[in-house]
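The block underneath contains the structure these notes are about, expressed in structure tokens.
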Amino acid sequence: MSNANDRLAARAAREIRPGMVVNLGIGLPTRVVNHLPGDFPVCLHAENGLTGIGPTLPPDRADRNLIDAGGAYVSTIPGSAFFDSATSFAMVRSGRLDLTMLGAFEVAANGDLANWKIPGKFSPGVGGGIELAQKARRVVVLTTHTDRAGNPKLTECCTLPLTARGCVRRIFTDLAVIDVKPDGFHLIETAQGVSVAEIKEATGAPLIVSETPLPSF
Amino acid sequence: MSNANDRLAARAAREIRPGMVVNLGIGLPTRVVNHLPGDFPVCLHAENGLTGIGPTLPPDRADRNLIDAGGAYVSTIPGSAFFDSATSFAMVRSGRLDLTMLGAFEVAANGDLANWKIPGKFSPGVGGGIELAQKARRVVVLTTHTDRAGNPKLTECCTLPLTARGCVRRIFTDLAVIDVKPDGFHLIETAQGVSVAEIKEATGAPLIVSETPLPSF
Amino acid sequence: MRLTDKQCSIEDAIARIQDGATVMLGGFGVPGTPFALIRALVRHGARDLTVIKNDANEPDMGVDHLLRSGQVARLITTHLGLNGHAIDLMNKGRIKVEFNAQGILAERIRAGGAGIGGFLSDIGIGTELAEGKRMIEFGGKTHVIEPALRADVALLHAARADSFGNLAYAATARNFNPLMAMAADCVIVEAEAVLSLGALDANDIHTPGVFVDHVTELAALSEEYAVVQR
Amino acid sequence: MRLTDKQCSIEDAIARIQDGATVMLGGFGVPGTPFALIRALVRHGARDLTVIKNDANEPDMGVDHLLRSGQVARLITTHLGLNGHAIDLMNKGRIKVEFNAQGILAERIRAGGAGIGGFLSDIGIGTELAEGKRMIEFGGKTHVIEPALRADVALLHAARADSFGNLAYAATARNFNPLMAMAADCVIVEAEAVLSLGALDANDIHTPGVFVDHVTELAALSEEYAVVQR
């Protein structure tokens, strides 16, 4: 499983183009950074007020005032900048964020995303997720293909409270890479050793598969 | 005339209480600073982005990047701060300006102020005046009592486009100090050598004068 | 001209806070949270408070002390994920919680500080976050109207201050602090160091002292600021 | 990770500006005005421009060059008092001028930069400044709705930049520059010095480079920046 998640993070890392400004959500997305070359030209944004996130640091080398939005002690790189929370979300809402990678409870075939609340079970608040999902120029999701009980997370419609409507463009899972297009989910890559039939079985909505062989990751 | 204006500026300077944050408008109000003791505790605000205005400087000692809102080369004092134009007016609109001193074309007996436009003759734009007049905690006016043609500037109603309604609390002129109260203009001080009759004659609205002798300045 | 000295003791500053007050607290997680001022507010005991803070810190830390002492009636926040105790109080109905999208909370506070009544935003439209909010068509688009937020008191943490209350924050400890500094009738700052006037470069001040009412130098840094393995 | 280099020539940057574009220009009076970029825009020749600037500089300086070359159709501003030529063009109907209260112009630009649609304000109510504006009752008060302002291009002047476009302004040359940096699709900066990454302290950056598209180092400071007796 951890291997599969590493592979998915490595695949998702190829989504990041040189020069992009990128926000990586808490959880799986955070791991993507480990799969970028050390000198890759990218500006990572932390919504608590930092552009140019550097590597995470162990406590003995950490700066007590320097965390990312997930609370991890991080570092700066040459050219990093600090700013307040209003400026941070001004960047997000005014379109300066090229890409965000988010986790998901559910993604619907129309691109709807639910990732912040499970009524009666989990309601910590939406944090910055809603603005990232609604305003980043490109939103991709990193998630396991099914939940712990084996139920599909890619579905016809979201049943949970939405984070944002129609925002997801691409989904990276442990089984597949799937694009969200006007006509629904398109399978574009498969994980090594996973069959298209297995992916269809684990997906809660129709999956459009081209005739031509798909690459795997 | 210049003597009278100096006296009026000196009198107006006594309006400034220790610890106030004050914005001095262009023209007569700017002169007030010359009548404050050098170590007087006051924070002068320039709406182009400076708190803690220091003395004006001659060109040979000026900093090309350091001007007040009237374009004069000024200096800083210990504790001065620079900020952007939105922050500058955030101070004004959120009530952090204790006092502003403004010039006037007309002040009405209800406190209305007109000081930015003479249709067909003078229309350079309102600049920051409207927010200063509307939002400073206390607005006082420094002006000659009459215009160059001898017409009163203190009137029943303003005929020129308004800067703000009902904003003026006190008026300092070359002839008098006049308070604006719910029932109109109240004469509270006279300039040395100026009679109450002269002041009434030069004022375009009823002037309420108490029975007790008035101080002069 | 010279600038006034706004230094006072933590106790004198906090004594101004009344029952029923709305109190903004700086900080995002630990950095920028005014832990010493919060402890003083617990000692002071003002009740029925509305607290505005990005998060509720962690159990037995910062905001959580105010929750445990029963002083908080209402919490306006964005995320309580690190404080299960706060979520528990919310679920039991012991405190009212209003969740805002994080950037919208920041912007509402800034709007209060800018002296405007509110702003138009499309954030949350089509989700339950927008439910119950007034909508308006403007410029060919649908917006929700987000009201400005102001507070009676803001409690802030700065790395460096001067005696007039000019402030500089360190790294990501800045977060909500400069916004709240603009948006409260009484702004109280704990600073790791209070320097003499002129010690801060006028170009590098994050919060101009005009916004600040009281500043106090911390005798020692709160234990919460120690770096720990989380 | 490393940050990209956004340096380019003034001509390459300005070449992106098209006829009919909306162009924001930093500066309040002389300080912060991008004189070299304005000269390049005159050489470039794009016409029918909407220019947004606090003021119109002085005759034969800055904005006035664009007015004389006939490139400006519309000017959104707060005060033209130092440029009689601009007032003359306005009075003759050769340019359209929209006057804003100064802080409202600043706030409208910031709103554009913050990705919000507009804001509610009571400034100007009861005066001709509010005439024709849409009003709304909200929170028990009457407000005008002030629409956000964005531009196709912002031309800015900074004292120091780094190659990623992080910016620091000097003294009162800051003014509208950091607001406009947030509010344009393409942000072009002339800097008195472009430094290597890391030369600006991350705490002291006034405009984060994320907002900036192109930065160019001035070979020499424009003559307008000489201190003169005014």
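Numbers restart at 1 for each chain; the letters A, B, ... are given by sequence-line order, proteins then strands. The structure presented is a predicted model; accordingly, all values stated were derived computationally and were not measured.
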**Asked** Charged N to carboxylate O under 4.0 angstrom, C/D122 versus C/K141?
**Response** yes
**Asked** How many angstroms lie between CZ in B/R170 and CZ in B/R138, if you round to the nearest 0.5 Å?
**Response** 5.0 Å
**Asked** Do the ring planes of B/H45 and B/F83 sit parallel (below 30°), tilted (30 to 60°) or perpendicular (above 60°)?
**Response** parallel
**Request:** Verify, without hydrogens or angle tests, whether B/N23 (side chain) and B/L97 (backbone) share a donor-acceptor contact under 3.5 angstrom.
**Result:** no
**Asked** What distance do C/L156 atom CG and C/T207 atom OG1 have between them, rounded to the nearest 0.5 Å?
**Response** 7.5 Å
**Request:** Identify which part of B/V21 has an atom lying under 4.5 Å from any heavy atom of chain C, answering side chain, backbone, both or neither.
**Result:** side chain
**Item:** Flag for B/N115-B/T163: side-chain donor and acceptor within less than 3.5 Å
**Value:** yes
**Asked** Do B/S88 side-chain atoms and B/E47 backbone N/O form a donor-acceptor pair below 3.5 Å?
**Response** yes
**Prompt:** Can you pull out the residues in residues 159-178 of chain C with any heavy atom less than 4.5 Å from chain B?
**Reply:** C/D162, C/F164, C/N166
**Item:** Main-chain N/O of C/L129 paired with C/K133 side-chain donor or acceptor, under 3.5 Å
**Value:** yes
**Asked** In residues 43-54 of chain C, which residues are in contact with chain B at a heavy-atom separation under 4.5 Å?
**Response** none
**Prompt:** Side chain of C/R134, backbone of C/I145: donor and acceptor closer than 3.5 Å?
**Reply:** no
**Message:** Let's test your reading of the structure: which of C/D5, C/D185, C/L3 forms the most heavy-atom pairs below 4.5 Å with chain B?
**Reply:** C/L3
**Request:** Sort out for me which of B/T51, B/V92, B/D39 touches chain C most, counting heavy-atom pairs under 4.5 Å.
**Result:** B/D39
**Prompt:** From B/T203 OG1 over to B/L175 CG, what is the distance, rounded to the nearest 0.5 angstrom?
**Reply:** 7.5 Å
**Item:** Interatomic distance, B/E131 atom CD to B/F89 atom CZ [nearest 0.5 angstrom]
**Value:** 5.0 Å
**Asked** So, B/R11 side chain and B/F217 main chain: donor-acceptor pair closer than 3.5 Å or not?
**Response** no
**Fill in**
Given B/A90, B/P18, B/G52, B/G38, the one with more heavy-atom pairs under 4.5 angstrom with chain C than any other is B/A90
**Message:** Looking at B/A86, is its backbone amide N or carbonyl O close enough to the side chain of B/D84 to form a donor-acceptor pair, meaning the two atoms are under 3.5 Å apart?
**Reply:** yes
**Message:** Given 3.5 Å as the limit, does a donor-acceptor pair link the side chain of C/E190 with the main chain of C/A36, or not?
**Reply:** yes
**Asked** Is the side chain of C/T33 donor-acceptor paired with the backbone N or O of C/F35 at a distance under 3.5 Å, no angle test?
**Response** no
**Fill in**
Honestly, the part of B/L50 sitting under 4.5 Å from a heavy atom of chain C is neither
**Item:** Euclidean distance, C/L37 CG relative to C/H214 NE2, rounded to 0.5 Å
**Value:** 11.5 Å
**Prompt:** Just checking, is any N or O donor in the side chain of C/N100 or C/Q102 under 3.5 Å from an acceptor N or O on the other one?
**Reply:** no
**Request:** Indicate yes or no for a side-chain donor-acceptor contact from B/N48 to the backbone of B/I67 under 3.5 Å, with no hydrogens or angles considered.
**Result:** yes
**Prompt:** If you check every heavy atom in residues 194-203 of chain C against those of chain B, which residues fall under 4.5 Å?
**Reply:** C/L197, C/G198, C/A202, C/N203
**Item:** B/T56 side chain vs B/Y73 backbone, donor-acceptor pair below 3.5 Å
**Value:** no
**Request:** With a 4.5 Å heavy-atom cut-off (strictly below), which parts of residues 98-113 of chain B touch chain C? List them by number.
**Result:** none
